[in-house]
Amino acid sequence: MPIRFRVNGRETTVDVQPNTPLLWVLRDVLDLKGTKFGCGIAQCGACTVHLNGSPARSCATPVASVEDGEVLTIEGLSPDGTHPLQEAWKELDVPQCGYCQAGQIMSAAALLQENPRPTDADIDAAMAGNLCRCGTYLRIRRAIHQASGTTAADVEDVEEAR
Amino acid sequence: MTPPTSGMTRRHFLRVSAITGGGLLIAAHLDTSGLVALSDPGPLGSTAELNVFIRIGPDGSVTIQAKNPEIGQGVKTMLPMLIAEELDVNWEQVTVEQASFDPAAFQGQFAGGSNATPQNWLPMRQVGAAGRAMLVAAAARSWGVSAETCRTEAGVVHHDPSDRALPYGDLAGQAASMPAPELDEVPLKDPADFRIIGTTVKGVDNHAIVTGLPQYGIDFTLPGMLYAHFQKCPVFGGRVVDANLDEIRAMPGVRYAFVVEGGEALNGLLDGVAIVAESWWQARTARNALQVTWDEGDTASQSSDGFREASRELFGQPAERELRGDGDVEGALASAAAVVEADYEYPFLAHAPLEPQNCTAHFRNGHLEIWAPTQTPQNGANLVASTLELDPDDITIHLFRVGGGFGRRLSNDYMVEAARIAVEIEEPVKLLWTREDDMRHDFYRPAGFHRMRGGVDSEGRLTSWHNHFVSFGSDGRFASSAGVSPNEFPAGFVPNFRLESSLIPFGIPTGALRAPGSNGLAFVYQCFVDELAETAGADPLQFRLDMLAHEGEDPGQDPVRARRVLERVAEVSGWHDQGLPAGTGKGVAFHFSHRGYFAEVVQVTVSRAGDLRIDRVWAVGDVGSQIINPGFAEHQSQGGVLEGLSQALAQEITIQEGRAVQGNFHNFPLLRIQEAPPVEVHFVTTDHPPTGLGEPPLPPAIPALCNAIHAATGHRIRSLPISKHDLSWG
């Protein structure tokens, strides 16, 4: 059964089993590999995309449920990889293995849309669903602050202590 | 063998050649790995046994092939930094390419054990310096001056007396005809002149990562590629008796369904059912309908509870083996002013790298091509060749950036499964495991049980130490990663010391997890040292310094370096500051592993109800004379610390009826961002060759956390994970 939706601004029609998770449609039908598979049960956030402007775990989102919807993936976040979060991620050298980072950035981008100047607590709440096995959380926090022009509490502490 | 004519010693040699359009290719064989004994470097006319490639284009661009798998440890950036420094180019001129696995061209293509830095620190710089020397020689010849009067800077050779300069790109073609210098004799920079080493260089793949470009094994596709699932027995090593293959074959998209007969070795190909479909989700859906009758075998009777009972029985008997005995432990305990006895244990752990195991393979015309995320491509090729009776020359392996290693991808079980399926169907196929496949078919960090006894004298000095370690294995041999070194601290620092072991036979696959051995032992030893310090009425940090002041015979570590990191962590953490509020406490621990010394202090706050918050961590490391990439070194150390905290807080793989209970992140929780405390990292530099940071920061985090909980609440944590303990107090 054909299912129509928009991905990164482009009209798309796919013909797959309706219960197929959006993740596998993005990766294996539309060849958008930036959205990652980590757990399959919405526990790790590696598959985070925006669905109609809100963060969604594509591994647990049946493609039928996005009919007529608007999906944004990491590939569509900016035309040339210069979204302020992408710039901050590169500048602060956030990735280690890098596998979770597209999902992290998509969650962070949704946060900044809602809340352009988040506190540490806001960041922790918005990013709690995104696991990083390498433990890059401290730089993720800093990068979100940098992209939003705010300062992390722990950076203030450390600078004060020094 | 024809002896090479230039630039060669028996262990190292260079080969230089011109490339079309006026560039220079430098290929070096370096016997750096220590993994493969090399008796003869072979003829220069072949590409055999070369393992560094540098290409300098006529435009001045420098391309360096990164030979080792990148698993998040930063090696793809770090090794080229070493070459670029001595070649004396700007980092902006450098492009880094991931090399494929090619045993004919590279040796030591391996990621693990924090080995890349110590193995490559000197030889990679020598290769860069040799390239620089040839470029200088080419410039000197063209100017008719002596090479000694030339200097280099940022990819340009200068002759200051005549005010002439030529960029490397213009010299690359001529340099190819210059004699290659002896690598062992080529002069290296004074570290004071380093312009790349010691500066923060950002990851070479960062842009690709943040824009979602495909670069992991899971992202790789081939035209017409099919997708496979492989269902193994939930009980390790169980056999397939029967499966409803006809029903599976009739399901949408399914192209093949067949039984694979495996062998006995748990780290090889095991029995299972392969389902190959046009899409991964179709194969997944078909798998839901799969019904297999298994012969579960003897392992089905094994459990974590059973292992614990077995450890209690073994504790009650004389140990099977003495691994080390110094002095008279029983005599010293009998005369001690105070004796502490405690049983410690830690559970099995999964690696759970975020990129699930996967491998793409295509078998055609007798040749098997493999695309795999692996830390050990050579082992993978050997396993595939021996299992499928293929000639190693008929196997090609392509490498990718790896979505987390942590030791899991030292094993290549998923590679041999994909290879077996590809040989059966002779179509391109990607095997991709589910998270549950990964968590339930891991090579687990083995659990361990320790019965500890220690005695202190009337002056509070540690005089005796006894550990009966109940681990896993059989016939007197420890299972993989389940052993202990007889030199492990405090061996050599306590006059009366005995380390003994007894083994529980089992059928659970085990293997190295980041900081193998140390990730369990540091917890036990550094927590028990804390108990002894308390009994001695001593400050826990001072007690450790005092232990390190009494070096005996054959110590496993350098007490000067260990003391230095402890003293420094006391300073940076404000260890001696008084006046922490009730429910807040600091704990300290140190550990030496993988050539690195780390001392760490953790501060926690525990509510009266027992809710734990980790406030802050201070980590001080000594990994030698030079921190190569300071920004990444801090980052890697923070990651190691957070992984230690993550393991300690709530991670456990429980074995029941021969199978792993936990299957996904809801019951095997990783640390989340709101739980991640600030981690301050400091380095002390010492006059020792630089060593790696993949492992050493991790082990002390676990006991430092547990000791902090004791300081805050009075509760001793003698078993992990911490989530199983009631921390309420007052």
Side-chain angles (χ1 to χ4, degrees), chain A residues 16-17 19-21 24 27-29 31-41 43-44 46 73-75 77-78 80-81 83 85-87 89-91 93-102 105 121 123-125 127-141 154 157-158, chain B residues 70-74 200 202-203 205-216 218-219 221 227 252 279-282 285 352-356 401-406 432 434-436 616 631-632 635-636 638-643 646 664-666 670-674 676-680:
Chain A
V16 297
Q17 290 168 289
N19 71 345
T20 305
W24 301 107
R27 288 184 57 83
D28 294 345
V29 181
D31 200 30
L32 293 166
K33 305 293 196 198
T35 307
K36 293 296 193 263
F37 169 52
C39 69
I41 58 168
Q43 284 289 311
C44 79
T73 72
I74 187 73
E75 290 91 345
L77 186 62
S78 76
D80 51 0
H83 186 284
L85 286 164
Q86 291 169 317
E87 295 286 10
W89 245 249
K90 287 184 272 185
E91 176 66 24
D93 206 20
V94 173
Q96 286 189 22
C97 90
Y99 191 78
C100 73
Q101 300 295 351
I105 290 170
I123 291 171
D124 284 0
M127 303 300 289
N130 288 79
L131 292 176
C132 175
R133 175 66 179 81
C134 301
T136 64
Y137 297 126
L138 306 175
R139 291 206 181 173
I140 288 172
R141 250 188 235 135
D154 70 288
D157 286 357
V158 170
Chain B
E70 172 62 62
I71 58 174
Q73 82 282 46
T200 288
K202 289 160 196 162
D205 290 334
N206 280 357
H207 183 77
I209 290 168
V210 304
T211 55
L213 292 178
Q215 53 184 331
Y216 300 91
I218 194 174
D219 301 335
T221 57
Y227 295 83
S279 80
W280 189 82
W281 188 252
Q282 286 171 324
T285 305
L354 208 55
E355 179 189 9
R401 187 179 186 87
V402 180
F406 313 108
L432 169 60
T434 64
R435 174 57 52 195
E436 290 77 10
R616 186 174 286 272
F632 200 83
H635 200 22
Q636 184 77 186
Q638 289 172 329
V641 167
L642 294 183
E643 175 165 356
S646 187
N664 209 316
F665 296 121
H666 64 289
L670 305 187
L671 194 81
R672 292 184 182 270
I673 192 168
Q674 70 274 20
V679 181
E680 262 186 64

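Quick note on labels: first sequence line is chain A, next is B, and so on, each numbered from 1. The structure presented is a predicted model; accordingly, all values stated were derived computationally and were not measured.
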Atom pair [atom1] ([X]) and [atom2] ([Y]), whose distance is rounded to the nearest 0.5 Å:
{"X": "Lys33(A)", "Y": "Leu213(B)", "atom1": "NZ", "atom2": "CG", "result": "13.0 Å"}
{"X": "Ile673(B)", "Y": "Ile123(A)", "atom1": "CD1", "atom2": "CD1", "result": "7.0 Å"}
{"X": "Asp80(A)", "Y": "His207(B)", "atom1": "CG", "atom2": "NE2", "result": "7.5 Å"}
{"X": "Thr211(B)", "Y": "Ile105(A)", "atom1": "OG1", "atom2": "CD1", "result": "8.5 Å"}
{"X": "Leu354(B)", "Y": "Cys134(A)", "atom1": "CG", "atom2": "SG", "result": "8.5 Å"}
{"X": "Trp281(B)", "Y": "Asp28(A)", "atom1": "CH2", "atom2": "CG", "result": "11.5 Å"}

Quick one: which of [options] has the most heavy-atom pairs under 4.5 Å with chain B, could you say?
{"options": "Lys36(A), Gln43(A), Gln101(A), Arg139(A)", "answer": "Arg139(A)"}
{"options": "Pro21(A), Gly34(A), Cys97(A)", "answer": "Cys97(A)"}
{"options": "Cys39(A), Ala102(A), Gly81(A)", "answer": "Cys39(A)"}
{"options": "Cys132(A), Gly129(A), Ala128(A)", "answer": "Ala128(A)"}

Contact part of [X] toward chain A, heavy-atom cut-off under 4.5 Å: side chain, backbone, both or neither?
{"X": "Glu643(B)", "answer": "side chain"}
{"X": "Gln215(B)", "answer": "neither"}
{"X": "Thr285(B)", "answer": "side chain"}
{"X": "Thr200(B)", "answer": "neither"}

Is a salt bridge present between Asp124(A) and Arg672(B), judged by a nitrogen-to-oxygen distance below 4.0 Å? no

Identify the two heavy atoms, one from [X] and one from [Y], that lie closest to each other, and give their separation to 0.1 Å.
{"X": "Gly135(A)", "Y": "Leu642(B)", "value": "O-CD1, 3.5 Å"}
{"X": "Phe632(B)", "Y": "Pro95(A)", "value": "CE1-O, 3.9 Å"}
{"X": "Arg27(A)", "Y": "Ile218(B)", "value": "NH2-O, 2.9 Å"}
{"X": "Phe37(A)", "Y": "Thr434(B)", "value": "CZ-CA, 4.1 Å"}

Return yes if some donor-acceptor pair links the side-chain N/O of [X] with the main-chain N/O of [Y] below 3.5 Å, else return no.
{"X": "Tyr99(A)", "Y": "Tyr216(B)", "value": "no"}
{"X": "Arg133(A)", "Y": "Leu670(B)", "value": "no"}
{"X": "Asp93(A)", "Y": "Lys202(B)", "value": "no"}
{"X": "Arg401(B)", "Y": "Gly98(A)", "value": "no"}

Measure distances from [X] to the heavy atoms of chain B and classify the residue's part below 4.5 Å as side chain, backbone, both or neither.
{"X": "Asn19(A)", "answer": "both"}
{"X": "Gln17(A)", "answer": "side chain"}
{"X": "Leu77(A)", "answer": "neither"}
{"X": "Ile140(A)", "answer": "side chain"}
{"X": "Val94(A)", "answer": "backbone"}
{"X": "Lys90(A)", "answer": "both"}
{"X": "Glu87(A)", "answer": "neither"}

Highest number of heavy-atom pairs under 4.5 Å with chain A among Ala352(B), Pro353(B), Gly640(B), Ala208(B) belongs to Ala352(B)

So which residue, Ser279(B), Gly405(B), Gly631(B), Pro252(B), ends up with the most heavy-atom pairs under 4.5 Å with chain A?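 Top count of heavy-atom pairs under 4.5 Å with chain A: Gly631(B).
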
Test side-chain contact (heavy atoms from CB on, under 4.5 Å) on Tyr137(A) and Gln674(B); report intermediate values, then the result. CA-CA 9 Å; Tyr137(A) 297 126; Gln674(B) 70 274 20; over 6 Å; no

